[in-house]
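Everything numeric in this text was worked out from a predicted model, so none of it was measured. In what follows, every heavy atom counts, from backbone to side chain, and hydrogens, waters and symmetry copies are set aside. Here is how names work: the chains are called A, B, and so on, in the same order as the sequence lines, proteins then strands, and each is numbered from 1.
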Amino acid sequence: MKENIRVRYAPSPTGDPHIGNIRTAIFNWLFARNQKGTFIVRIEDTDQKRTVTGATDTILRALEWLEIEWDEGPGIGGPYAPYIQSERVDSYRNAAQILLDEGKAYYCTCSPERLQKIRLEQQTLRLPPKYDRHCRDLNTSKPVYPTEAVIRFKMPLEGTIVFTDTIRGDVKFDAGVLDDFVILKSDGYPTYHLASTVDDHTMAISHVMRAEEWLPSAPKHQLLYQALNYQMPKFVHLPIILGTDKSKLSKRHGATSIMDFQKMGYLPSAMLNFMALLGWSLDDKTDIISKTSLIENFSIDRIGASPAIFDRDKLNWLNGIYIRQLDPKSFANQALPFLSDESKGFESAYVQKVIPLVQERVKFLSEISEATSFFFQDTLDYADGNLTQKDLDLTISRDLLQQSMSTLEKTNPFLHETIEENLRNLAKRLELKPGQLFGLIRVALTASKATPPLFTTIETLGLDRCVQRLQQAINNLGTILPPPK
RNA sequence: GCCCCCAUCGUCUAGAGGCCCAGGACGCCACCCUUUCAAGGUGGAGAUCAGGGGUUCGAAUCCCCUUGGGGGCACCA
C-alpha cells in the first residue's frame, strides 16, 4: 500500500514572497501532484513583531498567479484547520507543557541582557555562541504570566546525532555544539522549532521539503520529534538559490520577489518552468517543459544537492519562448496593461494593430512600452546622426524622403504589399540599394534603427502619420548643418 | 571562530565504474535567411570533470585529505 503523501508550504508572512520561497512551494506542490498526494499551505506567523499585514494575502495571490492550487489551507480550510499558527497556540503550549512535565524542557528566566552578555564573552573567547544552560537544573516552577520566562528544550549533553536527509543521506552532528533552544517565547508564542514540529505531526505531513538553511537545525527538530513521541516525517532539504555573485539571493540582487517578476511581465508558465529547473532536472536535454509534464515527471531523486544560481538571461530566453507561443489574442490582452501612457488616447483599433508587431520581439511584457513607443508619439526625437545614412548627404536624403512621401501618397490600397512594391520600385528607379532607402525611411518614421518590419509598420501608422513624420524628418534634416568640406 | 552542506563549460545541468579525451540548454562569436531588430537555421569557442592522494584491470562517477564556495550558530523564520 502506498504511503499517503502530504506535504506543506509553510511561509511566514513577513514580506513579499521571495523567489527561493516560491521555488520551495513549487517543489512541494509538484511532488504532491505527482504522487496524487495533498498539498497544504500553512501560515507561520508566530513572530508577532515581524508579521506584516497583507503579506499572507500577497503570498496566496502569488501562488494563484502561478496556478499552484492548495488542497488545504487558508481560505479553504481542511481537516486540520486552522492553518494559521497564531490561531493554534494552545496546541504548542500543550506540547511544551508535556515536555516540561516529563523533564524534557525547562523554564529559563535569563534576561536578554544576560544572554547577550554571555554571547559576547563567548565570542571574544572564540567559543561557539551557545546558551550556557544556566537555568537547566534550577527546576523553576511555573512562573506567573506575564513573565520574562521562556521554555527551553533539554538537548543531550554529549553524543552524536545522526540525521537522515533524503537528498544528502546521513548527516552527523556532535551534541556538544547544539544548545538548549527556546521552544516557547516569553510572549507565549512558540518558536519555529516547536510550532512546525507540532503542526507537521498533527497535520500528518509525510515529507518536510524546505530550504537547505534549515539543515543545521534539523537535529534539534529530530530530537523534538523523539521527545514528543512523534513519528518523523521524511526530511528533504532543497538546495538554496544564489544570486549572480554566489551569495544567497537577497534584495541586493535586484528583483527577488515573485511579484517583481509579475510586474515586469514574466508569464507564470515561464516562471514555473524556469524555477522547476532550479535544482531539479528531467533529463539531459529538456529545458522547455509544460506544467503537465512537470507534474508527470517530478521526483525527489532528481533534485540536486548543490546550490543553483538564478540566471536572468536564461529566464528571459524562456519567457520569450512562452510569449511567442501565446496566441495573438491572448498576447494582446496581456500586453495592454504594459503599453506606455502615451498610448492611452489612441483608438483601440490602432492599438490592436500595433501590439502584434512586437510579440516575437520582447522577452518580457514590460519591454512592450519601449518597443512600441514610437507608434504613439506625435513628435519623434531623432538621436544625433541617426537620420543621416552613410553615403547619403543631406540634400539627397531630404530629396529621397520627399520622393518616398509622394510614393506613399500615391499608394492605394495602403497595404504593406503595395507599399513594399512601390518603395522597391522607387529604390530601383533611383539606383539605390533597397536597404539604403528603407533604412532612411525607417529612421524618419520611427526615430529608431530597430523596429518591426518597415512595410507593416508603415501600413500600421497609416498614410497621414507617415506623411507628417516624413515632413518632420525633412525639416529636421534642414536644421542640420552640412558637414564641412 | 565553531558546526553543517556543496563542488562537471561564465550560468542551469546530463552523467549513479567502462557507452564520456564529458552530452544538452542559456549566454557569447561567426555564417545563412533578411529592409532594420527579433525569430529561425548552421557552425564554433568554452570544463585537464577544483587540486592531491587512494580503491579498481578501469573513476567525473567510490573513499580520504586539501582548497574553494555556500549555509547555520536569536525569545527570526
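Neither OP1 nor OP2 of B:C37 sits under 4.0 Å from any side-chain N or O of A:R442. The shortest distance between the side-chain N/O atoms of A:K130 and the OP1/OP2 oxygens of B:A74 is not below 4.0 Å. Contact annotation: A:R424 side-chain N/O to B:U35 OP1/OP2 distance is under 4.0 Å. For A:K246 and B:C12, the shortest distance from a side-chain N or O to OP1 or OP2 is not below 4.0 Å. OP1 and OP2 of B:A74 both lie 4.0 Å or more from every side-chain N or O belonging to A:K185. For the pair A:T191 and B:C75, the criterion of a side-chain N or O lying under 4.0 Å from OP1 or OP2 is not met. Taking side-chain N and O atoms only, A:R312 has no distance below 4.0 Å to OP1 or OP2 of B:C12. For A:R168 and B:C6, the shortest distance from a side-chain N or O to OP1 or OP2 is not below 4.0 Å. For A:R119 and B:C75, the shortest distance from a side-chain N or O to OP1 or OP2 is below 4.0 Å.
Taking only side-chain atoms of A:S281, from C-beta outward, the nucleotide of B:U11, B:U36, B:U13 with the closest atom is B:U13. Of the candidates B:C6, B:U36, B:U13, B:U13 carries the atom nearest the A:A308 side chain, counting heavy atoms from C-beta on. Picking from B:C5, B:C12, B:C76 the nucleotide with the shortest atom distance to the side chain of A:L278 gives B:C12. The side chain of A:E213 lies closest to B:G71, out of B:C6, B:G71, B:A77. Each of B:G71, B:C6, B:A38 was ranked by its minimum atom distance to the side chain of A:P216; first place goes to B:G71. Of the candidates B:C75, B:C12, B:G1, B:C75 carries the atom nearest the A:S186 side chain, counting heavy atoms from C-beta on. For A:L242, taking side-chain heavy atoms from C-beta onward, the closest of the listed nucleotides B:G70, B:C12, B:U35 is B:G70. Among B:A77, B:C75, B:G15, the nucleotide with an atom closest to any side-chain atom of A:R302 is B:G15. In the set B:C5, B:C76, B:U36, B:C5 carries the atom at the smallest distance from any side-chain atom of A:V171. Checking B:A77, B:C75, B:U35 against the side-chain heavy atoms of A:P112 singles out B:C75 as nearest.
Partner assigned to B:U36 is none, using Watson-Crick or G-U wobble distances below 3.5 angstrom. Searching all strands for a Watson-Crick or G-U wobble partner of B:A7 with both distances below 3.5 Å returns B:U67. Within the shown strands, nothing qualifies as a pairing partner of B:A47 under the Watson-Crick or G-U definition with both distances less than 3.5 Å. Across all strands shown, B:C73 forms a Watson-Crick or G-U wobble pair, both distances under 3.5 Å, with B:G1.
Distance check on atom P: B:U11 versus B:G69 gives 14 Å, rounded to whole Å.
A distance-only check finds no donor-acceptor pair linking the side chain of A:E459 to the backbone of A:F414 [under 3.5 Å].
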Query raised in the report: Can you give one letter per nucleotide of nucleotides 21-31 of chain B, 5' to 3': B if a protein heavy atom sits under 4.0 Å from the base, S if only from the sugar-phosphate, - if neither?
Result: --BSBS-----
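Centroid-to-centroid, the aromatic rings of A:F27 and A:F298 come within less than 6.0 Å.
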